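These notes concern the structure reproduced below.
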Amino acid sequence: MSAPLIDFDEVIANFDPVLGLEVHVELGTASKMFCGCATEFGADPNTQVCPTCLGLPGSLPVVNGTAVESAIRIGLALNCSIASWCRFARKNYFYPDMPKNFQTSQYDEPICYEGYLDVDVETDEGTRTFRVEIERAHMEEDTGKSLHVGGSTGRIHGADFSLVDYNRAGIPLIEIVTKPVEGAGKYAPEVAKAYVGALRELLRGLGVSDVKMEQGSLRCDVNLSLRASADAPLGTRTETKNVNSLRSVERAIRYEMQRQAALLTDGTAIIQETRHWHEDTGVTTSGRVKSDAEDYRYFPEPDLVPVAPSAEWIEQLRAQLPEPPAERSKRLREEWGISEKEMQSVINAGALDLVLATIAEGADPAASRKWWLGELARRANDEGVELESLAITAKQVADLEGLVQSGRLNDKLARQVIDGVLAGEGEPAAVADSRGLQIVSDDSALLEAIKAAIEADPDAAQKIRDGKVAAAGALVGSVMKATKGQADAARVRELVLQELGQ
Amino acid sequence: MSAISRDDVAHLASLARIELTEQELNDYAGQLDVILTAVASISEVAADDIPPTTHAVPVVNVFRDDVVTPSLDRDSVLDHAPAAEDGRFRVPRILDEE
């Protein structure tokens, strides 16, 4: 069921959007937050569980020091203050994804608070930097995974029963919460996407998480409200969950803006609720209405002692932070000689590390960017996956470019080689061999095709003889067609002109 | 004024999934009120310069190394569950159809 929407331009003409983003990051620690169970993704269900993460009586949690260190490093990278003393808290709720009946989290004493992240967005007036202010980043643990069985939709509503796997329960999680983002106007969807993209680069650069949105190690909840104007009080917000790709962040916000505006225009109040984003249909649907059932009765966790990072420890971690993404991107931009806008498209596509890895494997920067942002981005988009999930490695892309540089393949044939690599047919050179892809470089074979083309189009041939070399395009085109794209177009052109005395 | 009302107790009972009778609600509201009032007297003597006690032992930063330790055997874990299926805990319907 889809809700009535109004045109995006009309939304902007009549309303001012306010955003809030909550990002959950699963840390890449070897063991869980409060116990020594492994954190491997995709393990058999319930094989990474112990008395602590199952909430069995008598078990006691002990904090993973590396997770605390990662939390501090994330906070520092986000320009946050680091608490000199803070505690964990119990967030109490009954839901089978948490066997303890509470989640160990932090409440009013987050380890990191008050920071910011600057993000660049393309606007009609050129690149504009938006400062997204960070309210807090706190430590907590992930929940188990439920599989809902039966019912009409396969979703939680109306399912006959659910099957729960607690491998994920207790994996360290950092929740990063922004302050309300105001003033983005019509760029609100882009600002949100750029923020999540920049955050992902920052976390990847820190090496604290594998930040794979489709595997859920980076998850985003989007809060959105509309108000009549920038000086009006904040409107009622909705919180949209299940936004699991950068593209979805943008789409979900755009959709919610259009949906809420339609309701408000119609005089209907917005209900404060959790909504669910559907990637396939591009809509949000109502989840549960926020009610007093979400009275979590937080209290300080009695089984854990406070975390009090010393100033020395914090400064030591600060000194070891990697080059900040903004500075790195500026440096690379200068090295590669590209514009801010071009760099932004690399980052937004989640391609920066892939491009760098491809360069490290020997391809030049321009070619690396061309493959990842062009053909491969298109494939990823078609398959609805992130670039890094495509079944092709940076080394394979570099090898492919090598085959183009050596003159064995042209871009058209290279795309067919990509088909083969993605289909699991092997390395680029092997795919080119097995599919018989090779530029026809034998001049005599080309000349035969050229003669045929001249015979078929005597008018064009005559024009060229008369000195209108631009007419060669038609003949080159028919030769390329005759050779099924396996010829080097530049060589064909040379031979055509030579053949016709030019 | 009492520190906790009968309605507060009813609300907490529903959050905690505890079924209480009318009589119990009245009894507990009265008893909890006595306890809360007694505890509140502590904050009367605690000056602003006394930090709240968090733990019986005044230590901070108890961390373990990020090292994997063996998990439990799955079969023995699931043997203790009321119901299991496909290596997972089977739980009753969570939310009704809306």
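We name chains A, B, ... by the order of the sequence lines, and we start the count at 1 in each one. What you see is a predicted model, and the numbers here were worked out from it, not measured in a lab. These values consider heavy atoms only, across backbone and side chains, with no hydrogens, waters or symmetry-generated copies.
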Original post:
Heavy-atom distance under 4.5 Å to chain B: side chain of A:Leu147, backbone, both or neither?
Top reply: side chain

**OP:** Go through B:Leu12, B:Val60, B:Asp66 and name the one with the most non-hydrogen pairs under 4.5 angstrom from chain A.
**Re:** B:Asp66

Original post:
In Å, rounded to the nearest 0.5 Å, how long is the span from OG of A:Ser217 to CG of A:Leu203?
Top reply: 10.0 Å

Subject >> Atom group of A:Pro45 that falls short of 4.5 Å from chain B, counting heavy atoms >> reply: both

Original post:
Is it the side chain or the backbone of A:Pro51 that comes within 4.5 Å of chain B heavy atoms, both, or neither?
Top reply: both

Original post:
Is chain B contacted by the side chain of A:Asn101, its backbone, both, or neither, given a heavy-atom distance below 4.5 Å?
Top reply: neither

For residues 13-20 of chain B, dump all side-chain donor-acceptor pairs below 3.5 Å to protein atoms at least two apart in sequence or in another chain.
| unit_1 | atom_1 | unit_2 | atom_2 | d |
| --- | --- | --- | --- | --- |
| B:Ser14 | OG | B:His11 | O | 3.3 |
| B:Arg17 | NH1 | B:Ser14 | O | 3.2 |
| B:Arg17 | NH1 | B:Leu15 | O | 3.2 |

Subject >> Heavy-atom contact with chain A under 4.5 Å, split by part of B:Val67 >> reply: backbone

Original post:
What part of A:Cys35 is in contact with chain B, defined as an atom under 4.5 angstrom from a non-hydrogen atom: side chain, backbone, both or neither?
Top reply: backbone

**OP:** Decide, yes or no, whether a salt bridge links B:Arg6 with B:Asp33 under the criterion of side-chain N to carboxylate O below 4.0 Å.
**Re:** no

Subject >> Side chain, backbone, both or neither of A:Tyr166 within contact of chain B (heavy atoms, under 4.5 Å) >> reply: side chain

**OP:** Name the member of B:Val57, B:Asn61, B:Val62 that forms the most heavy-atom pairs with chain A at distances under 4.5 Å.
**Re:** B:Asn61

